[in-house]
**Student:** 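Got a structure here, written out as structure tokens. Questions coming.
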Number of protein chains: 2
Amino acid sequence: MRPKLTDVAKRAGVSSTTVSRVINNYGYLSQKTKDKVFAAMHDLNYQPNSLARSLHGKSTKLIGVIFPSITNPFFAELVEQIENKFFNAGYKVILCNSADNKEKERAYIRMLIANQVDGIITGAHNLGIDEYNKVGLPIVSFDRKLSEQIPIVSCDNYQGGWIATEELYHAGCKHIYFLGSAMRKGHPTDYRLNGYQDAIKKLDLTAHVHSVAFSESATIKSVSIRKLLETHNPDGIMCTDDLTAVLVLQMAQKLNIRVPQDLKVVGFDGTKFIQDYHPELSTIAQPIPDIAALLVNLLQQRIAEPDKKLSQTQYVLPVKFIRSSSTFRL
Amino acid sequence: MRPKLTDVAKRAGVSSTTVSRVINNYGYLSQKTKDKVFAAMHDLNYQPNSLARSLHGKSTKLIGVIFPSITNPFFAELVEQIENKFFNAGYKVILCNSADNKEKERAYIRMLIANQVDGIITGAHNLGIDEYNKVGLPIVSFDRKLSEQIPIVSCDNYQGGWIATEELYHAGCKHIYFLGSAMRKGHPTDYRLNGYQDAIKKLDLTAHVHSVAFSESATIKSVSIRKLLETHNPDGIMCTDDLTAVLVLQMAQKLNIRVPQDLKVVGFDGTKFIQDYHPELSTIAQPIPDIAALLVNLLQQRIAEPDKKLSQTQYVLPVKFIRSSSTFRL
DNA sequence: CAAAATATGTCAATCGTTTATCACAAAATT
DNA sequence: AATTTTGTGATAAACGATTGACATATTTTG
């Protein structure tokens, strides 16, 4: 059996009250007693049972982090940074992969509530606003409006769409296509689409929106991309994410379309992973470390003062264009 | 305040004992009472406090999953599958990224113990055997021997190293290099190296081991790879992981070395990610779904019967060679 | 119709820790 | 020498749910 507080007390030859005082560092304590107690804790390899502490009222220091998946490098990097920052702040992260599944997301939220987490960061987008509203816990959302009470952090998706389009134009493209999941109401890619559309209008070009669901497999996406490349004649494509952009580059090579001469491609996300392993791709980079830091800070604030009125509900962080050889001949 | 059991009882007009009986489904219960209680639970959006339940003796249904990082697609896919399987079995996963940091790993283990997790799956390799031995919890290890009491699951690393070498040889290579992190005692890549060395010996070739630390950044690895390609003259390289292999392909292209004509490359891991986004890479594929399933099953067994003698301590799963255009001209 | 099975309630102990209250010394300060 | 500060202990009530013991209905069954 795991040692408990009374075992430590016995071993140290003090009362259990004293041990608790040492652990929680309150009241009057002599250095001598502290040392004795710490020694006993060490000898027994004692860890206070956090269930019991939390049950009494102390917070659990547990955070639920819900994202659709972690196999997408963007989410992986974001989640890893979030996890790291929370670890440094003494929190533990329960990983929840919602897998774009409404039921799973709902089940996760129930589970998180049951486990008395201190707060939730969610980057999943399946549930309705009302469901999130009645959670009754500090929540911070990534990239999607959930309710008036829930702060949202995102990059400047609109600006990203705009810049990508403009960059393609300045690189000489006249037939610029938008490729990605379009028209899922409230979805962040919508803003990227808006940015694209407005830029196209300003540039006096025609908009071409080619839709592929974000959740489709790479193979299916590739088929759709092949069709796009073969039947239409794009000279520029802005993709709503880097992985789709990589598939475009792949297909272009297969079809002997020269990049960037005949076709220019811009991605979106700009993970460290893509920069390392697909340095040829021009992309709109989201500031992942900043996003993670802000999400974590905001949630900690909400935890500290749950009832404080939100001074701001939207936090939009700037994106950065990374120019590389998929748009620009070096 | 979150509703508690007594609130449900009050609302349903029954005793708290009855509510508990409904929740835990024991004793005699009429359908009518059950319905009333469920309705009350639903109305109040009640979730039993799992801290209290666990404190009483019920298990926490929490599992600690420790891996160095999740930005590596291999770990991401493995962790995602592990998380999924545990979710389906009613467990929650606490994500622990050890970041190849001994102190962090130690801190995580203490934290997991304090949180009364039911068990741990670890794919991190920093701590000594004795530290893992005194954890006193069901543990299953991925790819590394931790102690006699801890089952290990891994793919057949030796066989993988052997096959990769043989495939390069049969594709015509005479100067086959081993590229990866070598010589970290007890590390899984050692077995891959052994496989390589034994195959080289059997084929009457000379072994060339080029070492790059797994943990180095992509840029530093690339510098090392450039040197390898420029100063030695490999016509075949077996890499200890796919990402390193991708860097080799990148550098080969930059140096105008034709693949597979002048240089053939084999990776290791064979994630879905690499197959989708680097289909040109030949690789030794680890059976990720099987590994995940086995890890989860074994841990569940250990949790169910912690004192049962281990019938087997090593589980080695077969690897599969995936032939593609980095070794074979299509 | 008596006995057994079913259905619900009351009460109290328990899990391991926190924390408040009271008590009592010993040490430090007036 | 009297008072305050400091250090420690004993006791008990929480936290929220579980569970066993026991009591008491109501329904079913032979």
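Just so we're on the same page: letters track the sequence lines, and every chain starts at 1.
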**Student:** Using the closest heavy atom to pick a nucleotide of DNA chain C for each, name whichever of B:Q31 or A:Q47 lands nearer the 5' end.
**Tutor:** B:Q31
**Student:** Regarding A:K104 and the six-membered ring of B:F87, is the cationic atom NZ or CZ under 6.0 Å from the ring centre and inside 45° of its axis?
**Tutor:** yes
**Student:** In this structure, how many angstroms lie between the P atom of D:dC15 and the CG atom of B:L51, rounded?
**Tutor:**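 In whole Å, D:dC15 P and B:L51 CG are 14 Å from each other.
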**Student:** Can you find a side chain N or O atom of A:K34 that sits less than 4.0 Å from OP1 or OP2 on D:dG7?
**Tutor:**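 Answer is no, no contact under 4.0 Å.
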**Student:** Please say whether more than 12 non-hydrogen atoms of neighbouring residues, nucleotides or ligands are located less than 6.0 Å from CZ in B:R2.
**Tutor:** yes
**Student:** Select base, sugar-phosphate, or nothing to describe what B:V19 touches, counting heavy atoms under 4.0 Å on all strands.
**Tutor:** nothing
**Student:** B:T18 side chain N/O closer than 4.0 Å to the phosphate oxygens (OP1, OP2) of C:dG9?
**Tutor:** yes
**Student:** Side chain of B:R53, heavy atoms from C-beta onward: which of D:dT18, C:dG16, C:dT18 has the nearest atom to it?
**Tutor:**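 My answer, after comparing the listed nucleotides, is D:dT18.
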**Student:** In whole Å, I'd like the distance from the CG atom of B:D7 to the P atom of D:dA17.
**Tutor:** 8 Å
**Student:** Side chain of B:S20, heavy atoms from C-beta onward: which of C:dG16, D:dA17, D:dT18 has the nearest atom to it?
**Tutor:**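 Ranking C:dG16, D:dA17, D:dT18 by closest atom to the B:S20 side chain puts D:dT18 first.
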**Student:** Using a cut-off of strictly less than 4.0 Å, decide whether B:K32 has a side-chain nitrogen or oxygen near OP1 or OP2 of C:dA7.
**Tutor:**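 Indeed not, no polar side-chain atom of B:K32 lies that close.
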**Student:** Does B:R21 get its side chain close enough to the base of C:dG9, under 3.5 Å, for a donor-acceptor pair?
**Tutor:**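 In this structure, the two groups form a donor-acceptor pair.
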**Student:** From C:dT18, D:dG9, D:dT19, pick the nucleotide closest to the side chain of A:V14?
**Tutor:** D:dG9
**Student:** Taking only the side-chain nitrogens and oxygens of A:Y46, find out if one of them lies under 4.0 Å from OP1 or OP2 of C:dT17.
**Tutor:** yes
**Student:** Any N or O donor-acceptor pair under 3.5 Å from the base of D:dT11 to the side chain of A:T17?
**Tutor:** yes
**Student:** Are any of B:Y28's side-chain N or O atoms less than 4.0 Å away from OP1 or OP2 of C:dA7?
**Tutor:** no
**Student:** Just compare C:dT10, C:dC15, C:dA7 and give me whichever is closest to any side-chain atom of B:S30.
**Tutor:**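 Between C:dT10, C:dC15, C:dA7, the one nearest the side chain of B:S30 would be C:dA7.
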**Student:** Using a cut-off of 4.0 Å on non-hydrogen atoms, how would the nucleic acid contact of A:T33 be classed: base, sugar-phosphate, or nothing?
**Tutor:**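 Counting heavy atoms under 4.0 Å across all strands, the contact made by A:T33 is with sugar-phosphate only.
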**Student:** Within this structure, what is the NZ-to-P distance between A:K58 and D:dG16, rounded to whole angstrom?
**Tutor:**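 So the NZ-P distance, A:K58 to D:dG16, works out to 16 Å.
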**Student:** Rounded to whole angstrom units, what separation is found between the OH atom of A:Y26 and the P atom of C:dA20?
**Tutor:** 6 Å
**Student:** Choose from D:dG9, C:dT17, D:dG16 the nucleotide whose nearest atom is closest to any side-chain atom of A:N49.
**Tutor:**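 The listed nucleotide nearest to A:N49's side chain is C:dT17.
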**Student:** Thinking salt bridges, do B:D118 and B:K61 make one under a 4.0 Å N-O criterion?
**Tutor:** no
**Student:** Does A:K102 come within less than 4.0 Å of A:E105, counting only side-chain N to carboxylate O?
**Tutor:**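 Salt bridge between A:K102 and A:E105, a charged N being under 4.0 Å from a carboxylate O: no.
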**Student:** Could you check which of C:dG9, D:dT19, C:dT19 has an atom nearest any side-chain atom of A:N24?
**Tutor:** C:dT19
**Student:** Determine, using ring centers only, whether A:F75 and A:F142 are less than 6.0 Å apart.
**Tutor:**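 No, ring centres 6.0 Å or more apart.
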